[in-house]
Amino acid sequence: MDFYNNLLSDISNFAIVVFGFCISLYTLLYSFILNKKEQLKEITDLKKSGEKVTSYTYKETNYINYIKSMKSFNKYIIICLTISLPIYFFSLIIKYFKLYNLNIVLFNNKYEGYIVYLLLLCSILLFIYIVILIVKSIKIYNRNTKI
């Protein structure tokens with residue numbers, strides 16, 4: 001039973017760290033988006049006032065692409081948030097209500113602690129998702145900073 005308690009503690013710690021990281025990253029990206037939207041609004045106001053500068057069109061296009069990219073990335077962060085929080089709560093509930101004692105019988109075999117292993121699998125999948133997200137962000141960064 002100590003094994004299950006320790007495993008559930010590790011799972012809940014991992015999930016809450018991921019949740020905190022994702023909240024921080026979400027708010028950071030959200031502030032970047034708002035900043036670019038404000039800059040885009042300034043350019044739009046200048047264009048409406050009748051100024052004809054070609055760099056404004058270029059900046060406007062870059063700002064719009066940046067905002068779209070960050071909004072897309074924030075959607076992945078939201079997915080990460082919606083996965084990590086239930087993992088955290090379920091691991092606490094299972095640990096403190098000792099639900100890891102539940103058994104399941106499949107093909108005349110009795111399996112104990114299956115719910116803990118299910119949460120462990122979800123945590124591993126969340127970790128893989130985060131790694132894929134990091135690789136994707138590195139590719140986007142390399143593409144956007146290429147000279």
Side-chain angles (χ1 to χ4, degrees), residues 1-47 55-147:
M1 296 312 147
D2 283 338
F3 171 74
Y4 292 129
N5 276 329
N6 291 337
L7 188 58
L8 286 167
S9 292
D10 290 343
I11 291 170
S12 65
N13 288 338
F14 171 73
I16 199 67
V17 165
V18 168
F19 182 79
F21 174 75
C22 287
I23 282 288
S24 299
L25 190 57
Y26 178 82
T27 55
L28 178 70
L29 293 177
Y30 186 71
S31 68
F32 287 165
I33 291 169
L34 290 179
N35 183 28
K36 289 297 180 194
K37 277 189 169 185
E38 187 63 33
Q39 291 174 348
L40 184 61
K41 185 179 180 293
E42 289 173 9
I43 289 175
T44 305
D45 290 343
L46 287 173
K47 285 176 75 175
S55 66
Y56 288 161
T57 306
Y58 178 73
K59 283 182 180 180
E60 185 178 31
T61 304
N62 282 343
Y63 290 163
I64 290 171
N65 289 337
Y66 181 83
I67 291 169
K68 285 179 182 178
S69 175
M70 290 299 107
K71 282 177 72 175
S72 172
F73 198 72
N74 252 357
K75 287 178 186 175
Y76 293 113
I77 299 297
I78 291 170
I79 291 169
C80 198
L81 286 170
T82 57
I83 293 171
S84 64
L85 197 59
I87 289 174
Y88 174 71
F89 283 126
F90 283 131
S91 64
L92 289 180
I93 290 168
I94 292 166
K95 179 180 178 180
Y96 291 112
F97 289 106
K98 301 196 183 317
L99 297 177
Y100 50 79
N101 290 328
L102 296 176
N103 299 319
I104 189 170
V105 177
L106 292 174
F107 306 111
N108 295 327
N109 292 324
K110 182 177 165 184
Y111 297 99
E112 181 180 295
Y114 70 93
I115 199 161
V116 176
Y117 295 115
L118 184 63
L119 270 179
L120 180 62
L121 176 65
C122 290
S123 298
I124 291 169
L125 292 174
L126 178 62
F127 179 76
I128 292 169
Y129 180 78
I130 291 169
V131 169
I132 291 170
L133 194 59
I134 290 170
V135 169
K136 183 176 182 168
S137 69
I138 290 171
K139 286 180 181 179
I140 291 170
Y141 171 79
N142 287 336
R143 185 181 65 230
N144 290 342
T145 58
K146 196 175 195 178
I147 297 178

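From a predicted model like this one, the values you see are computed outputs, not experimental measurements. Sequence positions, counted from 1, serve as the residue numbers for this chain.
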Between CG of Leu92 and OG of Ser12, what distance do you get to the nearest 0.5 Å? 5.0 Å
Could you measure the distance from the CG atom of Asn62 to the CD atom of Gln39? Nearest 0.5 Å is fine. 11.0 Å
Taking Ile11 as the fixed residue, which of Ile124, Ile16, Ile94, Ile87 is the one that meets the side chain to side chain contact (heavy atoms under 4.5 Å, CB included) rule? Ile87
Within a radius of less than 6.0 Å around CZ of Phe21, do more than 12 heavy atoms belonging to other residues, nucleotides or ligands occur? no
Hey, is OH on Tyr76 packed in by over 12 heavy atoms from elsewhere, all under 6.0 Å? no
What class does the angle between the rings of Tyr26 and Tyr30 fall in, given that below 30° is parallel, 30 to 60° is tilted and above 60° is perpendicular? parallel
With side chains defined as the heavy atoms from C-beta onward, is the minimum distance between Phe127 and Val18 less than 4.5 Å? no
Going from CG on Leu46 to NZ on Lys41, what distance comes out if it is rounded to the nearest 0.5 angstrom? 10.5 Å
Determine whether Phe3 and Val116 make a side-chain contact, defined as any pair of heavy atoms from C-beta on separated by less than 4.5 Å. no
Does a side-chain heavy-atom distance below 4.5 Å link Ile77 with Asn74? yes
Does a side-chain heavy-atom distance below 4.5 Å link Leu7 with Tyr100? no
Min side-chain heavy-atom separation Leu126-Phe14 under 4.5 Å: yes
Is any side-chain heavy atom of Lys139 closer than 4.5 Å to one of Val135? yes
Near Lys36 NZ, under 6.0 Å, is it more than 12 heavy atoms from other residues, nucleotides or ligands? yes
